[in-house]
Amino acid sequence: MTTLSLQANNPNDIFVAAHLLRAGEVLAVPTETVYGLAANALQSAAVAKIFTAKGRPQDNPLIVHIADVKQALPLVREFPVEAKHLAAAFWPGPLTIILLKSDIVPSIVTAGLDSIALRVPNHPATLALLHACELPLAAPSANRSGSPSPTTAEHVRADLQGRIAAILDGGACSLGVESTVISLVGNTPLLLRPGGITKEQIEQVLGRSIAVSPAITQPLDKNETPVSPGLKHKHYAPKAQLTLVRGSLRAFTTYTKREQPDGLLVFDGDVNALLKAGVLLRSIVRYGSNTNEHAQQLFAALRELDNRKFNRVFVRPPSHDGIGLAVYNRLLRAAEFHEISPNFVLGLCGQTGAGKSTAAKILADAGCVVIDCDNLAREIVQPGSPVLQELIAQFGCEIVHEDGTLHRGELAARAFVDDNTRRALNTITHKAITELALTHIHQAQGRVIVIDAAALLESEIARHCDYIAVITAPEDVRRTRILARDNISEDATNQRIQAQVNMDVSGHTSIDNTQGEAELAAKLRQLLTKILPLDYNLMI
Ligand code: TXA
Ligand code: MG
């Protein structure tokens with residue numbers, strides 16, 4: 001089929017469009033929200049063409065567009081007073097009202113439901129068209145089912161060229177996200193989809209509070225039947241896997257640098273900081289600098305992610321206020337509800353006796369997740385573990401006891417011979433410890449994770465830390481602590497201290513712990529206030 005290109009500002013083209021609609025054809029028309037795919041709502045065969053062109057599931061009902069309230073009356077059983085108030089306040093405009101339908105509406109329009117969705121769109125060309133054809137027009141968004149809604153005639157062409165009779169080009173849609181949908185069928189008005197008209201605006205007109213469908217911000221359970229069938233279908237989904245990343249730009253940047261996705265969907269104002277942090281310009285797609293712009297640019301931006309063939313995209317979600325809730329809702333659905341709070345990984349190291357473990361305990365009590373690498377080191381060499389097998393292959397079977405457990409003394413005797421043997425030991429164990437630590441890090445969400453590791457700076461794990469702090473204390477203080485704590489000889493203590501003299505802590509923040517626990521806690525609190533990019537609800 002050839003798809004005609006019609007111009008919204010040409011009265012003759014409006015006349016052609018009206019003629020096509022009266023003839024039972026399907027065409028794309030501009031509205032202030034998104035482009036709609038319109039057909040005569042009173043003719044089942046015409047409406048069926050919409051479902052075919054879009055590839056839309058038959059159980060998802062359509063919105064019927066009308067010129068004014070008068071045109072709505074024959075389509076409903078009753079036009080209640082609350083509908084009158086809402087229509088007076090918001091029509092023409094981005095509010096869809098669901099009412100009980102009359103018998104003249106074919107069931108294909110409402111997917112068999114006994115209710116109908118109605119709205120008067122606020123676009124001069126489409127209003128002119130509604131008046132010219134004198135028909136109610138069933139019109140879902142003019143995209144292929146599942147892909148982002150179209151906000152320009154170009155988007156429609158990309159999805160539906162050759163599948164529909166015409167596209168009426170009215171330029172870019174001013175609002176950019178679909179209408180607010182409210183049902184007046186039950187006792188309490190129910191908000192089914194957030195859009196350009198906010199819940200607060202509706203409540204103000206109705207003079208009472210309205211209910212909000214939980215499906216706006218949460219995925220439906222598998223067996224749940226949605227009030228609005230559209231809620232259960234996959235929506236707005238670009239080919240890339242989207243993840244919404246909560247929190248500040250700093251948290252986003254840190255997380256991005258660590259996780260390295262190939263694409264980012266961010267605000268205009270974020271771009272400079274991201275470039276400064278070394279993010280590549282070609283990985284960035286932006287969607288405006290305030291909520292109105294986010295709404296206007298959202299769907300074009302989602303399409304751009306596909307044009308750039310990204311696989312994995314991190315998104316900065318907007319505020320949930322006003323039309324922001326509508327944008328957030330579309331993004332959540334585009335991301336299939338994949339939203340995360342990034343962890344903050346704090347590496348903690350320090351020389352023996354300095355108080356690293358005390359610091360870790362203070363942080364654990366405050367609500368941090370502490371990963372003690374000494375514990376991981378024990379975990380990885382359990383009898384029968386692959387790491388123990390590797391160590392046996394390297395150092396001989398004398399390093400295990402008869403019961404299969406590790407003989408630490410024997411391993412130390414063989415591994416601490418020279419640099420080569422020491423390196424061989426570290427290569428085997430550090431790799432396994434790092435893997436295990438990373439598993440723990442990935443299991444946590446929105447937490448401050450503390451990695452307690454004496455050898456942190458020589459290990460791979462350091463690369464996965466957002467920040468590294470070194471706990472220090474003068475040598476004599478450390479010596480006294482080790483003697484009191486570990487019940488070993490002075491010689492052994494000195495040996496331990498000597499073994500670490502070469503620890504290079506330059507470039508990292510040192511926290512002096514000469515004075516004891518209360519002082520250390522105060523210093524840690526100060527540090528966290530300075531470095532944490534998000535509020536992690538710590539009790540410190
Ligand atoms: O801004 C808009 O509303 C755009 C423009 C073209 O007007 N239209 C639009 O239509 O977004 P569509 O089909 O993409 O979304 C209609 C939504 C769907 O989620 C559908 O399930 C819901 O409205 N809906 C339609 N009739 C309903 C009914 N009787 N009861 C509950 N939900 C209904
Ligand atoms: Mg749609």
Side-chain angles (χ1 to χ4, degrees), residues 27-39 41 47 50-51 53-66 75-77 90-102 105 107-123 126-127 129-130 136-151 155-156 159-160 168 170 173-186 189-197 213 215-216 220 225-237 295 299 302 323 326 329-330 333-334:
L27 45 135
V29 298
T31 84
E32 80 281 32
T33 59
V34 301
Y35 273 74
L37 191 57
V47 175
I50 296 178
F51 285 91
K54 267 188 76 109
R56 184 175 175 107
Q58 292 280 347
D59 63 351
N60 196 1
L62 308 177
I63 294 175
V64 176
H65 297 71
I66 46 188
L75 307 174
V76 295
R77 228 178 283 171
F90 303 119
W91 281 359
L95 182 72
T96 295
I97 305 175
I98 296 179
L99 299 169
L100 289 175
K101 82 175 190 74
S102 72
V105 182
S107 70
I108 185 171
V109 173
T110 63
L113 297 176
D114 62 357
S115 57
I116 179 170
L118 293 166
R119 113 173 167 95
V120 180
N122 189 14
H123 191 288
T126 299
L127 281 172
L129 179 61
L130 281 161
L137 297 177
S141 49
N143 49 290
R144 287 304 292 269
S145 208
S147 71
S149 295
T151 51
H155 296 162
V156 179
D159 276 18
L160 297 172
L168 183 60
C173 300
S174 57
L175 215 61
V177 289
E178 307 90 337
S179 60
T180 303
V181 177
I182 184 161
S183 169
L184 295 184
V185 167
L190 177 62
L191 186 75
L192 290 174
R193 182 174 75 181
I197 305 292
S213 166
I216 287 173
L220 290 166
T225 325
V227 197
S228 186
L231 296 172
K232 78 173 178 221
H233 296 292
K234 190 171 160 172
H235 245 89
Y236 316 115
F299 288 133
L302 291 180
I323 199 171
N329 162 267
R330 308 310 188 268
R333 306 200 67 200

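Just so you know, ligand 1 is whichever comes first in the structure, and atom 1 is the first atom listed for that ligand. Index from 1, following the sequence.
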[X] neighbourhood, listing ligand 1 atoms whose heavy-atom distance to it stays under 4.0 Å:
X: Arg119; answer: 1 (O), 2 (C), 3 (O), 5 (C), 7 (O)
X: Thr33; answer: 1 (O), 2 (C), 4 (C), 5 (C)
X: Gly36; answer: 6 (C)
X: Leu113; answer: 28 (C), 29 (N), 30 (N)
X: Pro140; answer: 10 (O), 12 (P), 13 (O)

N/O of [X] under 3.5 Å from N/O of ligand 1, yes or no?
X: Ser141; value: yes
X: Ser115; value: yes
X: Tyr35; value: no
X: Glu178; value: no

Is there a side-chain contact between [X] and [Y] (heavy atoms, below 4.5 Å)?
X: Ser179; Y: Glu32; result: no
X: Glu178; Y: Phe299; result: yes
X: His155; Y: Ser149; result: no

Is Thr110 in contact with ligand 1, taking contact as a heavy-atom separation below 4.0 Å? no
Could a heavy atom of His65 be found less than 4.0 Å from some atom of ligand 1? yes
Just let me know how Glu32 lines up against ligand 1, side chain, backbone, both or neither, with a heavy-atom cut-off below 4.0 Å. neither
Any N/O/S atom of Ser141 sitting less than 2.8 Å from the Mg ion (ligand 2), backbone or side chain? yes
Which one of Asp59, Asn60, Ile63 has a non-hydrogen atom at the shortest distance from atom 20 (C) of ligand 1? Asn60
Does a donor on one side chain sit under 3.5 Å from an acceptor on the other, for Thr31 and Arg119? yes
How far apart are the C-alpha atoms of Ile66 and Leu130, what are their side-chain angles, what is the distance that settles it, and do they pass the side-chain contact (heavy atoms from CB on, under 4.5 Å) test? CA-CA 7 Å; Ile66 46 188; Leu130 281 161; 5.6 Å; no
Leu191 CG to Ile197 CD1 distance, which is reported to the nearest 0.5 Å: 11.5 Å
Minimal non-hydrogen separation, [X] against [Y], with atom names:
X: Asn60; Y: Phe51; result: O-CE2, 3.6 Å
X: Pro94; Y: Thr33; result: CB-CG2, 3.7 Å
X: Ile50; Y: Ala38; result: CD1-C, 4.3 Å

